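These notes concern the structure reproduced below.
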Amino acid sequence: MTVKAYGAHAGDKPLEPIDIVRRAVGAHDVRIDIAYCGVCHSDLHQARGEWAGTLYPCVPGHEIVGRVSAVGAHVDAFQVGDLVGVGCMVDSCRHCADCEAGLENYCDGMVGTYNGRTGDAPGHTLGGYSQQIVVHEHYVLRVRHAPEQLAAVAPLLCAGITTWSPLRHWNAGPGKRVGIVGIGGLGHMGIKLARAMGAHVVAFTSSESKIGDAQALGAHEVVVSRDPAAMAAHAGTLDLIVNTVAAPHDLDAYLSLLRRDGTMVLVGAPSSPHPSPQVFNLILKRRALAGSMIGGIPETQEMLDFCAEHGIVADIEMIRADEINAAYERMLKGDVKYRFVIDSASLAD
Ligand code: NAP
Ligand code: ZN
Ligand code: ZN
């Protein structure tokens with residue numbers, strides 16, 4: 001089936017309207033009429049070819065929510081009309097140790113929702129800036145929020161799970177002091193989730209104008225990272241830092257804030273490397289520097305259910321599909337409060 005989408009034909013070209021073909025619904029497939037799709041900084045990195053290996057045309061979008069419009073003969077878990085989501089992956093091998101552990105995100109055969117290898121035309125996956133998507137049922141998530149919250153649920157599918165997974169893995173919760181660095185799409189969800197888990201949350205921002213917002217999002221303390229005295233006041237105090245910054249920066253400034261055995265998890269994925277941190281900054285306090293990539297299907301469902309139960313959604317700014325290029329420019333300036341979401345109905349205009 002041919003559907004309308006928005007995509008880029010080259011890294012130095014803006015996104016524009018494009019017709020794409022979705023495969024026929026197979027026995028284990030779910031077809032989703034996309035209602036909304038969040039705009040992740042990874043979309044920008046990939047559409048503009050900032051990470052190696054972008055395949056064009058590139059239709060980004062991996063924060064997808066909508067309603068089921070068809071199911072294959074062997075699909076039992078979903079019915080036409082169900083509210084569902086699709087995050088950053090649409091396939092994996094389903095039998096390796098990572099898949100068995102419910103960590104399909106780390107499977108060597110993981111297929112991203114866009115820019116992943118597939119047998120479907122045009123040979124790579126095309127994402128959620130489109131009217132419909134067809135996905136194997138294993139990678140479809142159930143949305144239990146109220147239907148009127150649907151647009152603000154979309155960013156949970158990447159920004160939510162990417163911060164949830166390290167917060168859970170490194171045991172954020174009561175008695176833990178957790179730093180969230182960078183208050184953008186990921187960071188604002190990190191603040192909400194860490195707070196709801198019961199941790200003491202310290203937000204770090206390079207934008208003084210975000211102090212009030214960070215507090216409203218749930219941060220107990222907010223530190224302007226450009227202020228060396230404010231940073232020094234938190235030295236050696238944090239158990240865990242989730243660093244979402246999308247650009248290279250001095251990691252030592254944050255590693256110094258960890259207490260003994262503390263961990264900083266990098267989730268931000270800049271296109272050029274960070275300067276190497278000082279080894280002694282790790283050795284002297286047995287600190288760890290780690291990375292984390294999105295999350296597995298079971299933990300994504302767990303996060304969605306937790307958010308539905310606790311009334312957590314993203315703070316969003318709705319845009320039309322034809323506003324996406326301007327939205328990218330604003331995202332580069334950190335001028336998003338705090339996630340753009342495309343109203344997919346605008347694709348039909
Ligand atoms: P975003 O909305 O643009 O937020 C990034 C935030 O980082 C900004 O709002 C800004 O916050 C801070 N920042 C500080 N200096 C910056 C600079 N020079 N350039 C850009 N940002 C700067 O981006 P996002 O969607 O949250 O994504 C953040 C990063 O995570 C991206 O690199 C993205 O590709 C990556 N990502 C990784 C995963 C994963 O699985 N690991 C998943 C999704 C996204 P302040 O104004 O508060 O300083
Ligand atoms: Zn993303
Ligand atoms: Zn696998």
Side-chain angles (χ1 to χ4, degrees), residues 37-48 50-51 60-64 86-89 91-115 127-128 138 154-166 180-191 203-211 213-214 217 219 222-226 242-250 254 265-272 274 290-297 300 314-317 327-340:
C37 184
V39 178
C40 179
H41 206 113
S42 302
D43 300 353
L44 184 159
H45 288 311
Q46 294 212 42
R48 296 191 173 178
E50 292 179 357
W51 297 340
H62 57 204
E63 294 184 337
I64 298 167
V86 175
C88 304
M89 59 189 156
D91 211 352
S92 65
C93 84
R94 292 193 284 282
H95 53 68
C96 71
D98 295 319
C99 286
E100 294 279 327
L103 292 168
E104 303 88 341
N105 47 319
Y106 297 115
C107 169
D108 290 338
M110 189 268 269
V111 178
T113 302
Y114 58 88
N115 205 41
H138 184 81
L156 302 183
L157 275 305
C158 175
I161 184 57
T162 301
T163 47
W164 171 269
S165 184
I180 304 289
V181 184
I183 308 175
L186 268 54
H188 97 288
M189 286 311 309
I191 294 172
F204 294 87
T205 179
S206 61
S207 315
E208 220 171 327
S209 62
K210 294 182 185 173
I211 293 175
D213 286 354
L217 290 163
V222 186
V223 177
V224 176
S225 53
R226 298 181 194 279
V242 178
N243 184 333
T244 78
V245 174
H249 61 280
D250 173 22
Y254 294 103
V265 186
L266 303 179
V267 293
S271 47
S272 48
H274 297 292
S292 182
M293 186 174 72
I294 49 173
I297 294 296
T300 305
D315 288 18
I316 64 160
E317 186 175 333
Y328 279 3
E329 290 307 313
R330 283 185 52 196
M331 186 154 66
L332 279 177
K333 293 188 213 137
D335 175 24
V336 194
K337 302 224 163 154
Y338 276 89
R339 198 58 143 185
F340 290 119

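Each ligand, and each atom within it, is numbered from 1 in the order the structure gives. Quick note: numbers below take in every heavy atom, side chains included, and nothing from hydrogens, waters or symmetry partners. No experiment lies behind these values; they were computed from the predicted model shown.
- Residue-ligand proximity: His249 is placed with every non-hydrogen atom at 4.0 Å or more from ligand 1.
- Counting only heavy atoms from C-beta outward, the side chains of Ile316 and Pro155 approach each other to under 4.5 Å.
- Across all their heavy atoms, Ser206 and Arg226 have their closest contact at O-NE, 2.9 Å.
- The distance from ligand 1 to the heavy atoms of Ile294 drops below 4.0 Å at these ligand atoms: 39 (C), 40 (O).
- Here the Zn ion (ligand 2) is the vertex; the SG atom in Cys40 and the NE2 atom in His62 give an angle of 120° (to 10°).
- Remark: distances from the non-hydrogen atoms of Ala269 to ligand 1 include one below 4.0 Å.
- Taken from CG in Leu103 to CE in Met110, the straight-line distance is 11.5 Å, to the nearest 0.5 Å.
- Considering only non-hydrogen atoms, atom 16 (C) of ligand 1 lies nearest to Val245 out of Leu266, Val222, Val245, Asn105.
- In this structure, Leu156 and Met189 have side chains that are in contact, with non-hydrogen atoms separated by less than 4.5 Å.
- Per-residue contacts place Trp51 under 4.0 angstrom from the following atoms of ligand 1 (heavy atoms of the residue considered): 34 (O).
- Protein heavy atom nearest atom 25 (O) of ligand 1, with residue, atom name and distance: Arg339 NH1, 2.6 Å.
- The shortest contact between atom 23 (O) of ligand 1 and any protein heavy atom is with His41 CB, 3.2 Å.
- Against a heavy-atom cut-off of under 4.0 Å, Cys158 is close to the following atoms of ligand 1: 42 (C), 43 (C).
- Of all atoms in ligand 1, numbered sequentially from 1 with element shown, those under 4.0 Å from a heavy atom of Val267 are 30 (O), 35 (C), 36 (N), 37 (C), 38 (C), 39 (C), 41 (N).
- Looking at every heavy atom in both residues, Asp43 comes nearest to Val39 through OD2-CA, 3.7 Å.
- Looking at Val267 and Pro166, their side chains come closer than 4.5 Å, going by heavy atoms from C-beta outward.
- The Zn ion (ligand 3) is the vertex of the angle joining SG of Cys93 and SG of Cys107, which measures 110° to the nearest 10°.
- Nearest to atom 5 (C) of ligand 1 by heavy atom, out of Asp335, Ile211, Thr244, is Thr244.
- Using a cut-off of 2.8 Å, one finds that His41 contributes no N/O/S atom close to the Zn ion (ligand 2).
- Counting backbone and side-chain atoms alike, His95 contributes no N/O/S atom closer than 2.8 Å to the Zn ion (ligand 3).
- In this structure, CD on Glu104 lies 10.5 Å from CG on Asp91, to the nearest 0.5 angstrom.
- For Ala247, no nitrogen or oxygen atom sits less than 3.5 Å from a nitrogen or oxygen atom of ligand 1, counting backbone and side chain alike.
- The shortest non-hydrogen separation linking Gly185 to Ala159 is O-CB, 3.5 Å.
- Heavy atoms only, all atoms of each residue included: Ile183 and Ala203 are closest at CD1-CB, 4.0 Å.
- The protein atom (non-hydrogen) at minimum distance from atom 12 (C) of ligand 1 is Gly182 CA, 4.0 Å.
- Interface atoms of ligand 1 facing Ser206, defined by a heavy-atom separation under 4.0 Å, are 14 (C), 45 (P), 46 (O), 47 (O), 48 (O).
- Between Gly295 and Met89, the closest heavy-atom pair is O-CE, 3.4 Å.
- Contact detail for His188 and Asp315: the closest heavy-atom pair is NE2-N, 3.0 Å.
- Note that OH of Tyr106 is 13.0 Å distant from SG of Cys99, once rounded to the nearest 0.5 Å.
- The contact set between ligand 1 and Leu186, taken as ligand atoms under 4.0 Å from a residue heavy atom, comprises 24 (P), 25 (O), 26 (O), 27 (O), 30 (O), 36 (N), 43 (C), 44 (C).
- Note that CD of Glu63 and SG of Cys40 are 5.5 Å apart. Values are rounded to the nearest 0.5 Å.
- Listed by atom number, the atoms of ligand 1 under 4.0 Å from Ser292 heavy atoms are 39 (C), 40 (O), 41 (N).
- Here the side chains of Leu186 and Arg339 are in contact, with some heavy-atom distance below 4.5 Å.
- Scanning Lys210, Met331, Met189, Gln46 for the heavy atom closest to atom 8 (C) of ligand 1 points to Lys210.
- Here's the thing with Gly185: one of its N/O atoms is less than 3.5 angstrom from an N/O atom of ligand 1.
- Residues Thr300 and Trp164 fail the side-chain proximity criterion, which asks for heavy atoms closer than 4.5 Å.
- The closest heavy-atom contact to atom 34 (O) of ligand 1, among the options Ser42, Gly87, Gly190, comes from Ser42.
- Scanning all protein heavy atoms for the shortest distance to atom 4 (O) of ligand 1 gives Gly184 CA, 3.3 Å.
- Side-chain contact between Arg48 and Leu332: present, with at least one pair of heavy atoms (C-beta onward) separated by less than 4.5 Å.
- Counting protein heavy atoms only, atom 39 (C) of ligand 1 is closest to Thr162 CG2, 3.5 Å.
- Comparing Asp213, Thr205, Asn243, Val265 by heavy-atom distance to atom 45 (P) of ligand 1, the nearest is Thr205.
- Within ligand 1, the atoms closer than 4.0 Å to a non-hydrogen atom of Ser207 are 45 (P), 46 (O), numbered from 1 in the order shown.
- For ligand 1, the polar-atom distance check finds no N/O of Phe204 at less than 3.5 Å from any of the ligand's N/O atoms.
- With respect to atom 30 (O) of ligand 1, the closest heavy atom belonging to the protein is Gly268 CA, 3.3 Å.
- In terms of protein heavy-atom proximity, atom 20 (C) of ligand 1 is closest to Ala246 CB, 4.0 Å.
- Residue Ile183 places at least one N or O, backbone or side chain, under 3.5 Å from an N or O of ligand 1.
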